[in-house]
Amino acid sequence: MAKKVRVFLDSNVILSGLLSDKGSPRVILDLLCLNLPFLKGVTGRYNVIEIERNLEKKLPAALPVYKEYLPKLSLDIVPIPSEDEVKKLSGHTSEKDIPVLASALKGRADFLVTGDKKDFAGLMMKGTYPFRIMTPSEFLDIFPEISGKQES
């Protein structure tokens, strides 16, 4: 059996997918709920904490739905990166997003999917990391290629 493609979801992708039944983030979450044999969702404990903090602050009524839905994604949750792991990436992106980058590295991601174009735009084309950084719609654009490779 071929290796599973590991797609790391930034907090904004999970939140957008949960709060809207339309758009690329929702499609990605729906794909992960299918438990496809070639696809594995990943996120970081850092991201989970960020999501829960934002929901508690801005949309507390959605927290129970989130807690019910999250297990259906069967995400691998990467532990919070160590201080050293974060320090090594200092200056790569905004300070608030360095733990996301470190978590994607630690989680052996093939793709880091984020809606945060402002902070990750400079990293998307660099090829500095062992994964590709892209938006949800860009990931869906290449999804047929990913799924086709796994079936052959």
Side-chain angles (χ1 to χ4, degrees), residues 1-55 59 62-81 85-86 88-89 92-94 96-152:
M1 182 164 128
K3 168 186 168 291
K4 284 190 178 203
V5 172
R6 295 176 62 80
V7 56
F8 188 97
L9 302 180
D10 197 357
S11 310
N12 55 61
V13 175
I14 296 170
L15 269 173
S16 296
L18 287 173
L19 298 177
S20 174
D21 63 352
K22 295 176 179 58
S24 301
R26 179 54 171 264
V27 173
I28 292 170
L29 296 187
D30 289 345
L31 286 169
L32 290 173
C33 285
L34 295 173
N35 291 313
L36 298 169
F38 58 85
L39 186 65
K40 183 65 183 167
V42 184
T43 198
R45 173 68 51 208
Y46 176 85
N47 299 86
V48 170
I49 292 167
E50 181 180 35
I51 291 166
E52 291 175 359
R53 186 184 68 240
N54 283 325
L55 285 175
L59 204 58
L63 205 49
V65 175
Y66 158 80
K67 288 189 177 198
E68 180 183 330
Y69 188 75
L70 189 66
K72 294 176 183 178
L73 297 172
S74 300
L75 296 172
D76 280 354
I77 310 246
V78 178
I80 291 179
E85 290 168 320
V86 170
K88 285 178 190 172
L89 297 171
H92 285 227
T93 188
S94 70
K96 71 176 179 59
D97 287 319
I98 290 174
V100 175
L101 204 53
S103 295
L105 284 165
K106 192 173 187 165
R108 300 173 328 278
D110 297 300
F111 298 93
L112 188 164
V113 178
T114 181
D116 187 351
K117 292 178 190 164
K118 182 180 77 131
D119 291 324
F120 283 98
L123 303 178
M124 288 181 170
M125 295 299 182
K126 283 191 178 176
T128 307
Y129 308 101
F131 48 79
R132 288 175 56 191
I133 301 171
M134 57 184 52
T135 66
S137 59
E138 290 169 337
F139 180 75
L140 289 179
D141 285 345
I142 66 160
F143 184 76
E145 180 184 324
I146 293 168
S147 62
K149 282 183 182 176
Q150 302 305 316
E151 294 173 349
S152 24

How close do [X] and [Y] get, heavy atom to heavy atom, and via which atoms?
X	Y	result
Phe131	Ala109	CB-O, 3.2 Å
Leu73	Cys33	CD2-SG, 3.7 Å
Arg132	Ile142	NH1-CD1, 4.1 Å
Ser74	Asn35	OG-OD1, 3.4 Å

Kindly indicate whether the side chain of [X], heavy atoms from C-beta on, has any atom under 4.5 Å from the side chain of [Y].
X	Y	result
Ile80	Ile49	yes
Leu105	Pro130	yes
Leu9	Asn47	no
Val100	Thr114	no
Phe8	Val113	no
Ser147	Leu36	no
Glu85	Leu89	no
Leu101	Ile133	yes

To the nearest 0.5 Å, how far apart are [atom1] in [X] and [atom2] in [Y]?
X	Y	atom1	atom2	answer
Leu31	Arg26	CG	CZ	11.5 Å
Met134	Leu140	CE	CG	10.0 Å
Glu50	Leu55	CD	CG	10.5 Å
Asp10	Asp97	CG	CG	6.5 Å
Arg53	Ile51	CZ	CD1	10.5 Å

Mind listing the side-chain donor-acceptor pairs of residues 13-25 below 3.5 Å, one per line with the distance, residues two or more places apart or on another chain?
residue: Ser16; atom: OG; partner: Asn12; partner atom: O; Å: 2.8
residue: Ser20; atom: OG; partner: Lys22; partner atom: N; Å: 3.1
residue: Ser20; atom: OG; partner: Lys22; partner atom: O; Å: 3.1

Return the orientation label for the Phe143 and Phe38 ring planes: parallel under 30°, perpendicular over 60°, tilted otherwise. tilted

Output yes when a side-chain donor or acceptor of [X] lies under 3.5 Å from a complementary backbone atom of [Y], and no otherwise.
X	Y	value
Arg6	Gly107	yes
Lys72	Asp30	no
Glu138	Thr135	yes

Ring centroid separation Phe139 to Phe111 under 6.0 Å: yes

Test: Lys96 and Asp116 ion pair at under 4.0 Å: yes

Give the intermediate values and the outcome of side-chain contact (heavy atoms from CB on, under 4.5 Å) for residues Thr43 and Ile77. CA-CA 5 Å; Thr43 198; Ile77 310 246; 4.0 Å; yes

